[in-house]
Asker: 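To start, I am sharing the structure in question, which I have written as structure tokens.
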Amino acid sequence: MELLFNELSIHPLSVDKYAANTKMIYFSEAVASARKNGFRNIRSHYDSHQIELATDYSLYNWLNSKDVYEIHRNNLYGMIILPFISEDDEAIETRFVEANYFFEDVANGISKTECLGLASAFLYETLSVSLQSNNAWNRNRLELLIESIDITQIEVVFNVFSKGCFGIKVISDFIEQLGTVVLMKTPIAPDSKNIHLADHHGQKELKVLWAKLKNSPYVIEGRSTNWGGKRFIRKVERN
């Protein structure tokens with residue numbers, strides 16, 4: 001699993017490297033907790049040289065500073081990878097270019113702004129991770145505005161900013177859904193499995209489908225409903 005770095009949380013910059021160090025301790029501890037929960041990388045639009053923490057003081061400087069405890073630096077070594085959308089994920093990239101993604105929080109001084117990290121966190125259905133540079137990022141739910149030709153919608157991106165976030169139920173529940181599902185095989189023989197077909201059109205197609213499905217060791221029973229209208233759904237869509 002991967003986190004997505006919220007590049008908007010770089011600003012405002014810390015007043016000096018000492019304030020930046022305090023901010024990075026929270027970030028480092030959040031990443032350490034993420035690693036314990038199975039997250040192996042942080043995808044980012046920027047590399048460590050480009051992630052500014054204070055004036056003339058970048059994440060790269062922090063990672064190589066002798067003034068920073070090694071335990072905090074080690075939490076981040078090798079974690080950040082580019083780009084924010086993997087070059088192999090053509091479907092994700094297509095969805096990204098087909099819409100515009102924005103974040104806005106007027107109360108905390110953030111005007112409507114394009115957000116690459118939050119957008120990719122939404123598309124990958126994973127967590128974003130933010131620096132504590134603004135109260136806007138000290139929330140576990142961030143609203144993402146998505147604008148496309150056909151529709152404008154608001155979606156929620158789940159966000160972490162400290163180690164304590166991983167003890168919050170909404171975050172732990174979300175991570176649990178991201179985990180690997182272990183399927184249990186059934187001892188029921190294929191021809192002994194129950195099947196119930198509702199009285200509607202498409203029974204012929206459903207019987208053909210069931211003849212295949214019942215042979216799966218992970219299927220224990222079949223049941224169709226009247227939901228869905230008269231069209232036989234052959235492909236599952238995101239909606």
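These numbers come from the heavy atoms of this one structure, side chains and all, not from hydrogens, waters or symmetry mates. The residues of the chain are indexed from 1 along the displayed sequence.
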Asker: How long is the straight-line distance from CG of N159 back to CG of L142, given to the nearest 0.5 Å?
Answerer: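 Rounded to the nearest 0.5 Å, the CG-CG separation comes out at 4.0 Å.
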Asker: Distance from N138 atom CG to Y26 atom OH, nearest 0.5 Å?
Answerer: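 Output value for this atom pair is 9.5 Å.
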Asker: Side chain to side chain contact (heavy atoms under 4.5 Å, CB included), that's the test. Do F161 and S9 meet it? Break it down for me.
Answerer: CA-CA 10 Å; F161 52 86; S9 68; over 6 Å; no
Asker: Would you give the length of the straight line joining atom OG1 of T94 to atom CD1 of I85, rounded to the nearest 0.5 angstrom?
Answerer: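 Atom-to-atom, T94:OG1 and I85:CD1 are 9.5 Å apart.
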Asker: Would you please test E155 and V157 for side chain to side chain contact (heavy atoms under 4.5 Å, CB included) and show each step?
Answerer: CA-CA 7 Å; E155 298 287 351; V157 174; 5.9 Å; no
Asker: Using only atom types and a distance under 3.5 Å, with no angle test, would you say the side chain of S65 pairs donor to acceptor with the backbone of N61?
Answerer: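 Absent.
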Asker: Do the non-hydrogen side-chain atoms of D191 and K214 ever get within less than 4.5 Å of each other?
Answerer: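 Counting from C-beta outward, D191 and K214 do come under 4.5 Å.
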Asker: Salt bridge or not for R139 and D105, using N-O below 4.0 Å?
Answerer: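 The answer is yes: the pair qualifies as a salt bridge.
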Asker: Does a side-chain heavy-atom distance below 4.5 Å link N140 with F174?
Answerer: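 Answer no - side chains too far apart.
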Asker: Out of curiosity, does V129 fall in the hydrophobic cluster containing V170 (side-chain heavy atoms, cut-off under 4.5 Å, transitive links)?
Answerer: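 Both belong to a single hydrophobic cluster.
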Asker: Applying side chain to side chain contact (heavy atoms under 4.5 Å, CB included) to S86 and I92, what does each step give before you reach the verdict?
Answerer: CA-CA 9 Å; S86 173; I92 296 291; over 6 Å; no
Asker: Taking atom CD as the centre, does E29 end up with more than 12 heavy-atom neighbours from other residues, nucleotides or ligands that are less than 6.0 angstrom away?
Answerer: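 Yes, enclosed.
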Asker: Do L131 and V15 sit in the same hydrophobic cluster, where Ile, Leu, Val, Met, Phe, Trp and Tyr count as joined when their side-chain heavy atoms come under 4.5 Å apart?
Answerer: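 No.
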Asker: For residues F158 and R141, determine if any side-chain heavy atom of one lies less than 4.5 Å from a side-chain heavy atom of the other.
Answerer: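 F158 vs R141: side chains touch.
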Asker: Heavy atoms only: give me the nearest P12-S133 pair and the separation to one decimal.
Answerer: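 Answer, listing the atom of P12 first, then S133: CD-O, 3.3 Å.
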Asker: Taking side chain to side chain contact (heavy atoms under 4.5 Å, CB included) as the definition, give me every residue that meets it alongside N75, ordered by chain and number, with sequence neighbours left out.
Answerer: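 N75 satisfies side chain to side chain contact (heavy atoms under 4.5 Å, CB included) with S28, A32 once adjacent residues are dropped.
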Asker: Looking at residues at least two apart in the chain, or sitting in another chain, which of them share a ring-ring contact (aromatic ring centres under 6.0 Å, His included) with F103?
Answerer: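 W137.
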Asker: Sequence neighbours excluded, which residues qualify as side chain to side chain contact (heavy atoms under 4.5 Å, CB included) partners of A34?
Answerer: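 Checked A34 against side chain to side chain contact (heavy atoms under 4.5 Å, CB included); matches are L3, F39, F166.
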Asker: Can you sort out the partners of K212 under side chain to side chain contact (heavy atoms under 4.5 Å, CB included), two or more places apart, ordered by chain and number?
Answerer: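 Per chain and number, K212 pairs via side chain to side chain contact (heavy atoms under 4.5 Å, CB included) with no residue.
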Asker: For Y101, give me all partners under ring-ring contact (aromatic ring centres under 6.0 Å, His included), at least two apart in sequence or on another chain.
Answerer: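 ring-ring contact (aromatic ring centres under 6.0 Å, His included) check on Y101 returns F96.
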Asker: My understanding is that only residues two or more places apart in sequence, or in another chain, count here; which of them pass salt bridge (charged side-chain N to carboxylate O under 4.0 Å, His left out) with D173?
Answerer: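 Testing D173 for salt bridge (charged side-chain N to carboxylate O under 4.0 Å, His left out), a comparison that skips the adjacent residues, returns K169.
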Asker: Between L178 and E125, what is the shortest heavy-atom contact and its length?
Answerer: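 Heavy atoms of L178 and E125 come nearest at CD2-O, 3.0 Å.
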Asker: Could you pull out the closest heavy-atom pair between R73 and L63, with the gap in Å?
Answerer: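 Closest pair (atom of R73, atom of L63, distance): CD-O, 3.1 Å.
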Asker: In Å, rounded to the nearest 0.5 Å, how long is the span from CD of E104 to CG of L144?
Answerer: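 Taking CD in E104 and CG in L144, the distance rounds to 12.0 Å.
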Asker: Determine whether K112 and V106 make a side-chain contact, defined as any pair of heavy atoms from C-beta on separated by less than 4.5 Å.
Answerer: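 They are not in contact (no side-chain heavy atoms under 4.5 Å apart), so the answer is no.
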Asker: Holding to side chain to side chain contact (heavy atoms under 4.5 Å, CB included), I want the full list of residues that pass it with N215, two or more places apart in sequence or in another chain.
Answerer: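 So N215 forms a side chain to side chain contact (heavy atoms under 4.5 Å, CB included) with P190.
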Asker: Would you say I149 and E98 make side-chain contact, with heavy atoms under 4.5 Å?
Answerer: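 No - every pair of side-chain heavy atoms lies 4.5 Å or more apart.
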Asker: Other members of the hydrophobic cluster containing I25, with the 4.5 Å side-chain heavy-atom rule, please.
Answerer: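 Cluster partners of I25: none, it stands alone.
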Asker: Within this structure, what is the CD-CD1 distance for the pair Q153 and I146, rounded to the nearest 0.5 Å?
Answerer: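 Q153 atom CD to I146 atom CD1 measures 4.5 Å (nearest 0.5 Å).
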Asker: Who passes ring-ring contact (aromatic ring centres under 6.0 Å, His included) against Y46, sequence neighbours left out?
Answerer: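 Listed in chain order: nothing, the list is empty.
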Asker: Between the main-chain N or O of G117 and the side-chain N or O of E7, is there a donor-acceptor pair closer than 3.5 Å?
Answerer: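 Yes.
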Asker: Clusters formed by hydrophobic residues whose side-chain heavy atoms approach within less than 4.5 Å: which one holds F102, and what are its other members?
Answerer: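 Direct or chained contacts put F102 with L145, I154.
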Asker: For the pair D16 (side chain) and Y18 (backbone), establish whether a donor and an acceptor sit closer than 3.5 Å, ignoring hydrogens and angles.
Answerer: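 The answer is yes, because a donor-acceptor pair under 3.5 Å joins these two groups.
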Asker: I need the minimum non-hydrogen distance between I42 and V31, along with the two atoms involved.
Answerer: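 That would be CD1-CG2, 3.7 Å.
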Asker: Roughly how far apart are R40 CZ and E2 CD, rounded to 0.5 Å?
Answerer: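 Atom-to-atom, R40:CZ and E2:CD are 11.5 Å apart.
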Asker: How far apart are the closest heavy atoms of L8 and T113, and which atoms are they?
Answerer: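 Scanning both residues completely, I find the closest heavy atoms to be CD2-CG2, 3.9 Å.
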Asker: Taking all non-hydrogen atoms of both residues, which atom of G78 and which atom of N41 are closest, and how far apart?
Answerer: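 So the two residues come closest at O-ND2, 3.7 Å.
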Asker: Could you walk me through whether V160 and I168 satisfy the side chain to side chain contact (heavy atoms under 4.5 Å, CB included) test, starting with their C-alpha distance in whole Å, then the side-chain angles of each, then the deciding distance to 0.1 Å, before giving a yes or no?
Answerer: CA-CA 10 Å; V160 293; I168 296 174; over 6 Å; no
Asker: Once ring-ring contact (aromatic ring centres under 6.0 Å, His included) is applied, what residue pairs with a partner in residues 58-79 remain, sequence neighbours excluded?
Answerer: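 Sorted result for residues 58-79: H49-Y60.
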Asker: Among the clusters formed by ILVMFWY side chains lying less than 4.5 Å apart, do W210 and L206 turn up in the same one?
Answerer: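 As far as the 4.5 Å side-chain criterion goes, L206 and W210 are connected within one cluster.
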Asker: Taking the side chain as every heavy atom from C-beta outward, state whether R43 and F5 have any atom pair closer than 4.5 Å.
Answerer: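 No, too far: nothing below the 4.5 Å cut-off.
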Asker: Same cluster for I71 and V68 if Ile/Leu/Val/Met/Phe/Trp/Tyr side chains link at under 4.5 Å?
Answerer: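 Each belongs to a different hydrophobic cluster.
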Asker: Which ILVMFWY residues can you reach from V208 by hopping between side chains whose heavy atoms are under 4.5 Å apart?
Answerer: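 So far as hydrophobic clustering goes, V208 is joined with none.
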Asker: Keeping the roles fixed (side chain from S44, backbone from D47), state whether a donor-acceptor pair exists under 3.5 Å.
Answerer: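 Pair absent, no side-chain N/O of S44 close to backbone of D47.
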Asker: Do I220 and M184 sit in one hydrophobic cluster, given that two such residues count as connected whenever their side-chain heavy atoms are within less than 4.5 Å of each other, even indirectly?
Answerer: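 No, separate clusters.
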Asker: Decide yes or no for K193 and I195: does some side-chain heavy atom of the first lie under 4.5 Å from some side-chain heavy atom of the second?
Answerer: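 Side-chain contact under 4.5 Å: no.
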Asker: I want to check something: taking the side chain as every heavy atom from C-beta on, are H11 and L13 in contact at a cut-off of under 4.5 Å?
Answerer: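 Counting from C-beta outward, H11 and L13 do come under 4.5 Å.
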